Amino acid sequence: QVHVAESGGGLVQAGGSLRLSCAASGFTLSVYDMGWFRQAPGQEREFVGRISWSGSSTDYADSVKGRFTISRDNAKNTVYLQMNNLKPEDTAVYYCAAQRWGIGPKDLGAYDYWGQGTQVTVSS
């Protein structure tokens with residue numbers, strides 16, 4: 001059975017850091033591109049970044065470029081989102097998702113599996 005679970009969210013002050021983890025089971029994570037998305041209250045879910053199946057390439061939204069870093073450890077079936085210099089506008093529920101064929105990394109509909117999300121709150 002497929003299971004994707006995010007963890008590591010919480011409350012942090014502006015300028016602080018958090019590292020989110022995304023653990024997967026029930027499918028071969030190492031052949032999936034992995035994306036991170038976020039959804040703030042009253043907003044649509046938006047692309048944060050993605051990492052290729054091998055970890056050799058990453059892409060980020062302009063709003064997080066230079067502050068967030070995605071990495072993965074395929075041996076541990078886990079993907080990470082390191083978030084530095086957090087801002088209040090980063091407050092959202094963060095989701096990870098798995099995409100088998102690497103088509104449309106910013107397209108929510110192109111992802112096969114999703115986690116339930118973890119809340120990140122950044123206070124000013």
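Model, not experiment: these values are computed from the prediction.
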Any salt bridge (Lys or Arg N to Asp or Glu O under 4.0 Å) involving residues 3-27? Give me the pairs, sequence neighbours left out, ordered by first then second residue. none

List for me each residue that meets side-chain contact (heavy atoms from CB on, under 4.5 Å) alongside Q116, sequence neighbours excluded, and say none if there are none. none

Establish whether V31 and I51 are linked, either directly or via other cluster members, by ILVMFWY side-chain heavy-atom contacts under 4.5 Å. yes

Do V120 and L11 belong together in a cluster built from hydrophobic side chains that touch within less than 4.5 Å? no

For S30, is there any backbone N or O sitting under 3.5 Å from a side-chain donor or acceptor partner on T28? no

Do you know which of L29, D33, V4 makes side-chain contact (heavy atoms from CB on, under 4.5 Å) with V79? L29

Which residues share a side-chain hydrogen bond (donor to acceptor under 3.5 Å, both in side chains) with T121, sequence neighbours left out: Q119

List for me each residue that meets ring-ring contact (aromatic ring centres under 6.0 Å, His included) alongside W53, sequence neighbours excluded, and say none if there are none. none

For the ring pair F37 and Y94, is the centre-to-centre distance below 6.0 Å? no

Scan the side chains in residues 105-115 for donor-acceptor partners under 3.5 Å anywhere in the protein, sequence neighbours excluded, and list what turns up.
from	atom 1	to	atom 2	distance (Å)
D107	OD1	G109	N	3.0
Y111	OH	P105	O	2.6
D112	OD2	R100	N	2.9

Cluster overlap V93 with V64, hydrophobic side-chain contacts below 4.5 Å: no

List for me each residue that meets ring-ring contact (aromatic ring centres under 6.0 Å, His included) alongside Y80, sequence neighbours excluded, and say none if there are none. none

Could you give the distance from CE (M34) to CG (N74), rounded to the nearest 0.5 Å? 9.5 Å

How would you list, by chain and number, every residue that makes a side-chain contact (heavy atoms from CB on, under 4.5 Å) with S7, sequence neighbours excluded? S21

Test: disulfide (SG to SG under 2.5 Å). Region: residues 13-96. Which pairs qualify, not counting sequence neighbours? C22-C96

Residue pair I70 / L81: nearest heavy atoms and the distance that separates them: CG1-CD1, 3.6 Å

Would V122 end up clustered with V48 when hydrophobic side chains under 4.5 Å apart are linked, directly or stepwise? yes

Taking side-chain hydrogen bond (donor to acceptor under 3.5 Å, both in side chains) as the definition, give me every residue that meets it alongside D73, ordered by chain and number, with sequence neighbours left out. none

Using the rule given for side-chain hydrogen bond (donor to acceptor under 3.5 Å, both in side chains), can you reason through R72 versus S54, listing the C-alpha separation, both sets of side-chain angles and the distance that settles it, and then say yes or no? CA-CA 8 Å; R72 65 191 298 160; S54 65; over 6 Å; no

Ignoring hydrogens and angles, write down the donor-acceptor pairs under 3.5 Å from the side chains of residues 83-90, residues two or more places apart or on other chains.
from	atom 1	to	atom 2	distance (Å)
N84	OD1	S17	OG	3.0
N84	OD1	Q82	NE2	2.9
D90	OD1	R38	NH1	2.9
D90	OD1	R67	NH2	3.0
D90	OD2	R67	NH1	2.7
D90	OD2	R67	NH2	3.4
D90	OD2	K87	N	2.8

How long is the gap from CZ on F68 to CG on L18, to the nearest 0.5 Å? 9.0 Å

With sequence neighbours excluded, what pairs up with A5 under the side-chain contact (heavy atoms from CB on, under 4.5 Å) test? H3

A side-chain contact here means heavy atoms from C-beta on lying under 4.5 Å apart; do W36 and Y95 qualify? no

Provide the full list of disulfide (SG to SG under 2.5 Å) pairs with a residue in residues 23-80, sequence neighbours left out, each pair given once. none

